[in-house]
Amino acid sequence: MILKALFEGIPAVLCQGSWDTDIASIAMCSKEVTNNSLFICIKGMEQDGHQYIQEAAERGAAACLVEEAFWKKSASMHGNLKQPEKKTSAYGKLKLPEQMTIVSVQNTREAAAWAAAAFYRYPSKELKVIGITGTKGKTSTTFMIRDILEAAGYKTGLLGTIDYEIGEEKKRAERTTPEAIDVQRYLRKMADSGCRFAVMEVSSQGLKLHRSDGILFDMGVFTNLGRDHIGPKEHKDMAEYAHYKSLLFQKCCFGIGNIDDPYYREIFKDASCQVCTYSCRQKADVQASDIMLVNRNGQLGTFFKVNGEEYAVSAPGEFSVYNAVAAITVCRHYGIDQEIIRKALKTISVPGRVEVIDNDRGYLLLIDYAHNAMSLKNILETMRRYHPRQLWVLFGCGGGRSAARRREMGRVAGKYADFTVITSDNPRYEEPERIMQTIEEGMKETKGQYQMMVDRKEAMRFMLAQGRPGDILILAGKGHEQYQEIKGDYLPFNERKIAQEILADLD
Ligand SMILES: CC(=O)N[C@H]1[C@@H](OP(=O)(O)OP(=O)(O)OC[C@H]2O[C@@H](n3ccc(=O)[nH]c3=O)[C@H](O)[C@@H]2O)O[C@H](CO)[C@@H](O)[C@@H]1O[C@H](C)C(=O)N[C@@H](C)C(=O)N[C@H](CCC(=O)O)C(=O)O
Ligand SMILES: Nc1ncnc2c1ncn2[C@@H]1O[C@H](COP(=O)(O)OP(=O)(O)OP(=O)(O)O)[C@@H](O)[C@H]1O
Ligand SMILES: N[C@H](CCC[C@H](N)C(=O)O)C(=O)O
């Protein structure tokens, strides 16, 4: 494809070379550049992609996309501009390859998304793309919608925290919302392999970093907003977090929103789409009522009604009903038969979300991905309603993620569990003991009983050995993850398998 075709409608300036340059691929990372690539320079939080132009050229890049500010600085250094600007040391030694075509734009992340959409021939026009945003419930709701659509006979692609399902191909997810170039590539593959729908999680970080620009969303879903993702690398405060979430509803044709959430109005105030509300507590377009929890020999589920019609979902608690109602609303919009929806919801299972681990010890053992205060409170309150003899929870907090989570989760566990085992999650580049100390500070604000054990396997062994018949035990925070991330190493850690091994040992 020629370069010009990637920038139609984008205010881009040709700085050197030709608009007719032939482009064979697009890359945001110099390491992924191949012959005739367009290399897109991103000014990141850690590094500046503009520093890698030379490397990209050596790998065969035919063109590169730079930020306007960068071009002005470097051009002034090379005498190409009439009004030289101040030299900066950052690009002092950088010599731009003369044979390379260079285009500049104001924001390369944003332009990358649109250029990628053009490169992959706007795949979202050939699919119905459904985007789910919210602090909690994205993965669960996405799986529910996918399962219902598939049951109705529609081939459906999926992009989210657990995996990417692209036609016949399935791969482990690296991010909740992939980078723009990857998203467009995956959507193209989905369209080419006959998918009618694509269901994708749209994170606030994805919206902020323009990963989902260039997608024509048919439908957007807002699940809820809770305090999370605040920190130097994510959002500066809740207002910013809410702002980015709200952008989805300026990109989609039809929006579905949880009216019970305190942020509902904020999220939809500038919405340009048609809006439909859902609720479990008040009058709404789609309203759930008569919620009843069930436990049939460890098979947890919930019965409920939607606008008077009976449904059941194979997951516990009000929060599962919220997710199910969102999924029902989406699927009813597409005219899917109520019976198909009903049947599909009865057998939903999402890896690592309230996943039951069978055992002979007489307790209920669950793995759950709760890794912030909002989800931990939800799962503990929900499980309390099953009247356990004793409610146990084991968790840690990830390093390199919002530090506020730590104290908050400590406080929630202390308040809602009978006994907490504080341990390690994915410490990444932090010391797990330090993370645990902050969790403990939150715990100490309550009367909660707890034990600290840094080795997660040993901590699990401790809790699984202590549990008694009638108890409920929750292994929280790692859900579907298959590894523990420590100082850049991904060490195999399959909580499900480890729990089974410990249980076998204890027998
Ligand atoms: C905090 C954050 O979102 N960081 C994202 C950001 O990183 P960054 O700004 O630090 O990038 P950088 O490392 O400085 O690199 C700048 C540029 O130089 C390029 N580069 C770098 C090195 C090199 O040799 N050559 C080269 O070209 C890089 O490819 C990049 O384009 O830009 C990178 C490239 O676009 C992303 O990969 C990276 O996501 C990281 C992996 C991440 O962990 N993000 C998390 C917070 C995230 O996005 N989470 C959300 C939500 C999760 C949830 O809802 O719970 C998600 O959607 O997953
Ligand atoms: N609607 C909901 N409201 C509150 N908590 C929820 C809801 N749905 C799920 N949870 C809790 O949050 C955990 C994560 O759920 P899920 O993966 O569906 O959310 P998510 O938005 O994809 O989360 P993340 O962004 O962290 O991947 C679940 O294991 C459960 O404990
Ligand atoms: N999407 C979440 C996942 C956190 C999971 C937890 N196990 C951790 O590693 O902190 C995040 O990136 O913040």
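The first residue of the sequence shown is numbered 1, and numbering continues consecutively from there. We count ligands from 1, going down the list as the structure has it; atoms in each ligand are counted the same way.
Using a 4.5 Å cut-off on side-chain heavy atoms (C-beta onward), Gln184 and Ile26 make no contact. Contact check for Glu440 versus Tyr450: side-chain heavy atoms found under the 4.5 Å cut-off.
For the side-chain hydrogen bond (donor to acceptor under 3.5 Å, both in side chains) criterion with Glu495, the lone passing option out of Gln482, Arg456, Lys478 is Arg456.
Between the side chain of Asp368 and the main chain of Val354, a donor-acceptor pair closer than 3.5 Å is present.
Distances from ligand 2 to the non-hydrogen atoms of Thr176 include no value under 4.0 Å. Within the structure, the closest approach of Arg353 to ligand 2 falls below 4.0 Å when heavy atoms are considered. Under a 4.0 angstrom heavy-atom cut-off, Asn372 registers as lying outside contact with ligand 2.
Not counting sequence neighbours, Lys457 has no partner by the salt bridge (charged side-chain N to carboxylate O under 4.0 Å, His left out) test.
Close N/O approach between Thr141 and ligand 2 is not found [any backbone or side-chain N/O within under 3.5 Å]. The shortest N/O to N/O separation between Tyr322 and ligand 2 does not fall below 3.5 Å. Checking only distances, Val354 never comes within under 3.5 Å of ligand 2, N or O to N or O.
Closest to atom 8 (N) of ligand 2, if we only count protein heavy atoms, is Asn323 ND2, 3.0 Å. Among protein heavy atoms, the minimum distance from atom 10 (N) of ligand 2 is reached at Phe319 CD1, 3.7 Å.
Atom 38 (C) of ligand 1 has its nearest heavy-atom neighbour, among Arg428, Arg211, Arg401, Glu234, in Arg211. Closest heavy-atom approach to atom 3 (O) of ligand 1 within the set Gln205, Arg175, Glu55: this belongs to Gln205. Nearest residue to atom 10 (O) of ligand 1 from Lys43, Glu46, Lys31 is Glu46 (criterion: closest heavy atom). Remark: among candidates Met28, His371, Lys138, the nearest residue to atom 29 (O) of ligand 1 is Met28, based on non-hydrogen atoms. Closest heavy-atom approach to atom 3 (N) of ligand 2 among the candidates Thr133, Asn224, Ile132: Asn224. When Thr177, Thr223, Asp368 are ranked by how near their heavy atoms come to atom 31 (O) of ligand 2, first place goes to Asp368. Closest heavy-atom approach to atom 7 (O) of ligand 1 within the set Gln47, Glu201, His50, Arg109: this belongs to Arg109. Compare Met144, Lys138, His371, Gln205 by their heavy atoms: the one nearest to atom 21 (O) of ligand 2 is in Lys138.
Counting heavy atoms closer than 4.0 Å to ligand 2, residue Thr139 contributes atoms from both its backbone and its side chain.
Below 4.0 Å from some heavy atom of Met45 lie the following atoms of ligand 1, by number and element: 1 (C), 2 (C), 4 (N), 8 (P), 9 (O), 10 (O), 14 (O).
Rounding to the nearest 0.5 angstrom, the gap separating the CZ atom in Arg384 from the CD1 atom in Ile379 is 12.5 Å.
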If you look at each N/O of ligand 3, which protein N/O atoms lie under 3.5 Å away, and at what distance?
unit_1	atom_1	unit_2	atom_2	d
ligand 3	7 (N)	Asp425	OD1	2.7
ligand 3	7 (N)	Asp425	OD2	3.3
ligand 3	7 (N)	Gly477	O	2.9
ligand 3	7 (N)	Glu481	OE1	3.4
ligand 3	7 (N)	Glu481	OE2	3.1
ligand 3	9 (O)	Asp425	OD1	3.3
ligand 3	9 (O)	Asn426	ND2	2.8
ligand 3	9 (O)	Arg428	NH1	3.3
ligand 3	9 (O)	Arg428	NH2	2.8
ligand 3	12 (O)	Arg401	NE	2.7
ligand 3	12 (O)	Arg401	NH2	3.4
ligand 3	13 (O)	Arg401	NE	3.2
ligand 3	13 (O)	Arg405	NH1	3.2
ligand 3	13 (O)	Arg405	NH2	3.2

